[in-house]
Amino acid sequence: MLAEATYVFHDEKSQFSIVIDPGAYTARERSALDDYLDSLNAPNVIILLTHSHLDHIFGVAHLVQKYGAKVYLHQLEEQYLFMNTHLCESWHIPEPDAFSVDRYLKGGDVISFGNLSISVLDVPGHSAGGLAFYLPDENVVFTGDVLFAGSMGRYDFPGGNEQLLWNSLRTQLMSLPGSTRVFPGHGPSTTIDNERFWIDEHFI
């Protein structure tokens, strides 16, 4: 509905499937996600949430119920998880089903599943406890709604902060290798080098 991007990757050694921001809203979207996860034949499902905004969490409870998925999130985001009543009412959609967080993440954490190593980056600004997930061996980073191709996230939601957002972009994401592929929460992929010019211009 909001063109939110959900990402799935799989480690054959550990038989873990990692789902980043399962925003599957409709039954059709959830069925498609189920079909893909089933095709991986991976009994262990971990959900990594970059933040807790409505469009990124619609499918979480479904995956918890169907696969026993474990949910990882920054602790600062938990207070905003189910504060979406007014948005749902204005859009005439049901609220997402409730779920519990199994593990709190913070910048500097490293999550390992078999051959996969995921570095957690603190990127607040779009939200209070925004996270990005960097896979150095794969040369990719998942940025949620902090960095898009040609733009950055909004900072006028509860927990947002413009100064923190710019700082996250400059000190966390722009410090990654320029060839790193960026997979955002909305829109096409890009690279760190492609985005560096307009971010650097802000600080000239």
Side-chain angles (χ1 to χ4, degrees), residues 1-74 77 80-82 84-85 87-103 105 111 113-116 118 120 126-127 130-135 137-149 151 153-154 181-191:
M1 180 184 63
L2 296 174
E4 183 269 346
T6 295
Y7 298 99
V8 180
F9 48 96
H10 170 60
D11 176 66
E12 292 184 357
K13 179 180 178 181
S14 65
Q15 291 298 294
F16 270 96
S17 290
I18 314 300
V19 183
I20 296 181
D21 292 351
Y25 170 64
T26 66
R28 180 179 180 182
E29 290 168 348
R30 293 178 186 182
S31 178
L33 184 54
D34 290 347
D35 289 345
Y36 186 68
L37 287 171
D38 291 343
S39 74
L40 297 174
N41 194 30
N44 306 304
V45 178
I46 299 293
I47 298 171
L48 302 181
L49 296 177
T50 60
H51 62 299
S52 61
H53 286 168
L54 182 71
D55 50 331
H56 292 252
I57 66 169
F58 266 116
V60 173
H62 169 75
L63 295 182
V64 170
Q65 294 163 9
K66 184 173 178 64
Y67 297 98
K70 302 300 182 183
V71 182
Y72 294 12
L73 177 71
H74 196 292
E77 288 293 298
Y80 300 106
L81 268 175
F82 304 109
N84 298 301
T85 300
L87 286 176
C88 293
E89 289 177 349
S90 64
W91 294 338
H92 305 291
I93 58 175
E95 295 183 54
D97 293 333
F99 57 86
S100 299
V101 177
D102 296 287
R103 177 177 170 181
L105 296 176
I111 315 167
F113 303 99
N115 295 318
L116 283 174
I118 305 169
V120 181
H126 175 68
S127 60
L131 297 173
F133 301 110
Y134 175 49
L135 281 69
D137 292 339
E138 306 296 332
N139 201 34
V140 299
V141 63
F142 300 90
T143 59
D145 290 358
V146 173
L147 176 64
F148 305 121
S151 66
R154 294 171 57 170
R181 292 190 66 191
V182 175
F183 291 94
H186 304 269
S189 63
T190 181
T191 66

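Quick caveat: nothing in here was measured; it's all calculated off a predicted structure.
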### Atom pair CZ/OG1 of Phe183 and Thr143 - distance to nearest 0.5 Å
10.0 Å

### Message
Determine whether Val45 and Lys66 satisfy the following criterion, side-chain contact (heavy atoms from CB on, under 4.5 Å), listing intermediate values before the conclusion.
### Response
CA-CA 10 Å; Val45 178; Lys66 184 173 178 64; over 6 Å; no

### Task
May I ask you to test the Glu4-His53 pair for a side-chain heavy-atom distance under 4.5 Å?
no

### Task
Take Val19 and Leu37, measure what side-chain contact (heavy atoms from CB on, under 4.5 Å) needs, and give me the verdict at the end.
CA-CA 9 Å; Val19 183; Leu37 287 171; 4.0 Å; yes

### Task
Report the C-alpha separation of Val146 and Leu131 in whole Å, then their side-chain angles, then the decisive distance to 0.1 Å, and conclude whether the side-chain contact (heavy atoms from CB on, under 4.5 Å) test is met.
CA-CA 9 Å; Val146 173; Leu131 297 173; over 6 Å; no

### Query
Distance-only, no hydrogens or angles: does the His56 side chain make a donor-acceptor pair with backbone N or O of Gly23 under 3.5 Å?
no

### Query
Sub-3.5 Å donor-acceptor pair from the side chain of Thr26 to the main-chain atoms of Glu29, do we have one?
yes

### Summary
Heavy-atom closest pair (Pro96 atom, Ile57 atom, distance to 0.1 Å) is CG-CD1, 4.0 Å

### Query
Say you draw a straight line from CG of Asp38 to OH of Tyr67; how long is it, rounded to the nearest 0.5 Å?
3.5 Å

### Query
Which heavy-atom pair separates Ser52 from Glu77 by the least distance, and what is that distance?
N-OE1, 2.8 Å

### Task
Check whether any side-chain heavy atom of Lys70 sits under 4.5 Å from a side-chain heavy atom of Arg103, and report yes or no.
no

### Side-chain (Arg181) to main-chain (Val140) donor-acceptor, under 3.5 angstrom
no

### Message
Looking at every non-hydrogen atom in both residues, tell me the closest pair between Ser17 and Leu40 and how far apart they are.
### Response
OG-CD1, 3.5 Å

## Note on the structure
All heavy atoms of Pro22 vs all of Leu33, minimum pair found to be CB-CD2, 4.3 Å

### Query
Atom OH in Tyr134, atom CD1 in Ile118: separation rounded to 0.5 Å?
13.0 Å

### Message
Less than 4.5 Å apart, side chain to side chain, heavy atoms only: is that true for Val120 and His74?
### Response
no

### Query
When rounded to the nearest 0.5 angstrom, what is the spacing between CG in Asp102 and CD1 in Ile46?
8.0 Å

### Straight-line distance of Thr6 OG1 to Ile20 CD1, nearest 0.5 Å
9.5 Å

### Query
Under a 4.5 Å cut-off applied to non-hydrogen side-chain atoms, are Asp97 and Val64 in contact?
no

### Gln15 (side chain) donor-acceptor with Glu12 (main chain) under 3.5 angstrom
yes

### Query
Is there a side-chain contact between Val101 and Leu81, using heavy atoms and a 4.5 Å cut-off?
yes

### Task
Test Phe9 against every option in Phe142, Phe16, Phe113, Tyr36 by the ring pair (Phe, Tyr, Trp, His ring centres under 6.0 Å) rule and name the one that passes.
Phe142

### Query
Which residues satisfy the side chain to side chain contact (heavy atoms under 4.5 Å, CB included) test with Ser31, sequence neighbours excluded?
Asp35

### Task
Work out which heavy atom in Phe58 is nearest to a heavy atom in Arg30; give both atom names and the distance.
O-NH2, 2.9 Å

### Side chain to side chain, Tyr7 and Ile18, heavy atoms closer than 4.5 Å
no

#### Entry: Check: Thr50 main-chain N/O paired with Asp21 side-chain donor or acceptor under 3.5 Å
yes

#### Entry: Shortest non-hydrogen contact from Phe148 toward His186
CD2-O, 3.6 Å

### Task
Enter the distance from Ser14:OG to Leu116:CG here, rounded to the nearest 0.5 Å.
6.5 Å

### Any side-chain heavy-atom pair of Val71 and Ser100 under 4.5 Å
no

